[in-house]
Amino acid sequence: MSKTKDLTIKDVRVIVSSPGRNFVTLKIVTECGIHGIGDATVNGREMAVASYLQEHVAPCLIGRNAHEIEDIWQYLYKGVYWRKGPINMACIAAVDVALWDIKGKVAGLPVYELLGGKSRRAVTTYAHANGETIEGTLDSAEALIAQGFKAIRLQTAVPGLEGTYGVLGDKKDYYEQQSSRPLPPEQPWSTRKYMNSIEALFREARDRFGDDIALTHDVHSRLTPIEAARLGKMLEPYDLLFLEDAVAAENQDSYRIIRDHTTTPLAIGEIYNTIWDCKELIQNQWIDYIRTATTHAGGITGVRRIADFAALFHVRIAPHGAPDLSPICYAAQAHLGLWAPNFGIQEFVGFGNEVSDTVFSHDLTLKDGMIHVGDSPGLGVDFDEEAAAAHPYKRSYLPVSRLEDGTLWSW
Ligand code: GCO
Ligand code: MG
């Protein structure tokens, strides 16, 4: 069937829109009219990705055969000379995911079938419970458990600090925090205050919910390795599914120190772009979950490679799923999660909001905390360019963190 279709790429469109928040969407159109879409959003640096795609990537795609996903991936990776990097890899990711979408549509099959078929019924997720107090956080967790979630991430404000990661006070999101001043919001950090308050959150969670519910926590790279080792030990009695981003690991060796001291499972990877960023973490078995996202780590092709490598070392995938990842990314990761033999869990904060629902349509459904993938050919997600045009890009930044004396810290 595919032989009769002309899959020459004839148009590549880059659309930056803000249906609730900024997204960079790539649309690849072939001669026969079949199109595919990909997500290239890099939160806070959207226009850099858009211009890289428009100016440098799109011209190389025109006239290419959309079926040649691997060759196009290599052409954009090796062929660019400047390897890796968040902007470059998000652009490769968007192209890659759009091409998988096209291949699925041509084959008349959902993408997970092209990857090797289902390894499970549906994709288990973890949801976020946040709060200004432990009680507030646990109330929000209780509501999620009532909806059927079996795994919850807990984040609570640190007493004495204004604006802890994951907790937004009276603001809906970081966009709202910047409504009067579009510059990175600043938040204070104190490791001492955090270390003195965090254990109570998990102690009270286990007291209230028992042992069946899986719990995670995101440290957002605020600790040093030895502090993270201490935190891991401190939380051992509460049996976390994983402790996320305990330490930033440009130096992957850091994780050996944490691993030497604690049996709390470790997860990292949401800002990684390639397999090289996590190679030592995985092959030394210093982590348990690798959290690379299709949007930031070279698409389905990039994350599939990481997943296969990770499987050799008992490391499972737990892809990033924050609200700055578009429904296209959610769909791509749902297909991967359905297939990957070493899938662990998917982070999930909803498929979007009322506004983004007018722009993105998809056939994913959530039931009992699991994402079910429909049987539409390709990714099963689409993007309405006209609806998107009603929501123009709005400059916005992620926050930054400072210690109480003003020193810049990891946010
Ligand atoms: C998470 C993340 C996010 C990121 C955000 C950056 O685990 O969900 O840490 O909150 O900070 O997606 O763009
Ligand atoms: Mg995180």
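Remember, it's 1-based here, ligands and their atoms both numbered in the order they're listed.
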Contact region, Trp411 to ligand 1, non-hydrogen atoms below 4.0 Å, reads side chain
May I ask you to decide whether Arg259 forms a salt bridge with Glu280, counting only side-chain N to carboxylate O separations under 4.0 Å?
no
If you compare Val349, Asp218, Leu398 by their heavy atoms, the one closest to atom 6 (C) of ligand 1 turns out to be Leu398
May I ask you to check if ligand 1 and Glu270 share an N or O to N or O distance below 3.5 Å?
yes
Restricting Glu244 to its N/O/S atoms, the closest one to the Mg ion (ligand 2) is OE2
Closest heavy-atom pair, Val400 versus Pro184, reported as atoms and distance to 0.1 Å, is CG1-CB, 4.0 Å
*asked:* Between His67 and Lys103, is there a side-chain donor-acceptor contact under 3.5 Å, judged purely by atom types and distance?
replied: yes
Counting from 1 in the order shown, the ligand 1 atoms closer than 4.0 Å to a non-hydrogen atom of Ala322 are 3 (C), 8 (O), 12 (O)
* Asked: Do Phe360 and Phe23 have ring centroids that are under 6.0 Å from one another?
  -> yes
request  = May I ask you to check whether Phe351 and His362 place their ring centers less than 6.0 Å from one another?
outcome  = yes
Ligand 1 atoms nearer than 4.0 angstrom to some heavy atom of Arg153 are 1 (C), 7 (O), 8 (O)
Got Leu26 and Val12 here, is their nearest side-chain heavy-atom distance under 4.5 Å?
yes
Atom 5 (C) of ligand 1 has as its nearest protein heavy atom Asp324 OD1, 3.5 Å
Note: ligand 1 atoms sitting under 4.0 Å from heavy atoms of Arg291 are 7 (O)
Per side chain to side chain contact (heavy atoms under 4.5 Å, CB included), Trp100 is matched among Val111, Leu336, Val95 by Val111
| task | Indicate yes or no: does Glu113 engage Lys118 in a salt bridge with an N to O separation below 4.0 Å. | result | no
With heavy atoms and a 4.0 Å threshold, my read on which part of Arg45 contacts ligand 1 is neither
Would you call Thr262 and Glu236 a side-chain contact if the rule is heavy atoms closer than 4.5 Å? yes
Looking at Glu270, the N, O or S atom sitting nearest the Mg ion (ligand 2) is OE1
shortest atom 11 (O) of ligand 1-to-protein heavy-atom contact is with His220 NE2, 2.8 Å
The answer for which part of Leu325 has a heavy atom under 4.0 Å from ligand 1 is neither
Numbered in order shown, the ligand 1 atoms found under 4.0 Å of a heavy atom of Glu347 are 1 (C), 7 (O), 8 (O)
For Tyr165, the atoms of ligand 1 under 4.0 Å from one of its heavy atoms are 1 (C), 2 (C), 3 (C), 7 (O), 8 (O), 9 (O), 10 (O)
Between Tyr165 and Trp189, does the ring centroid distance fall short of 6.0 Å?
no
**Study point:** the Mg ion (ligand 2) to nearest N/O/S of Asp218 less than 2.8 Å
**Key:** yes
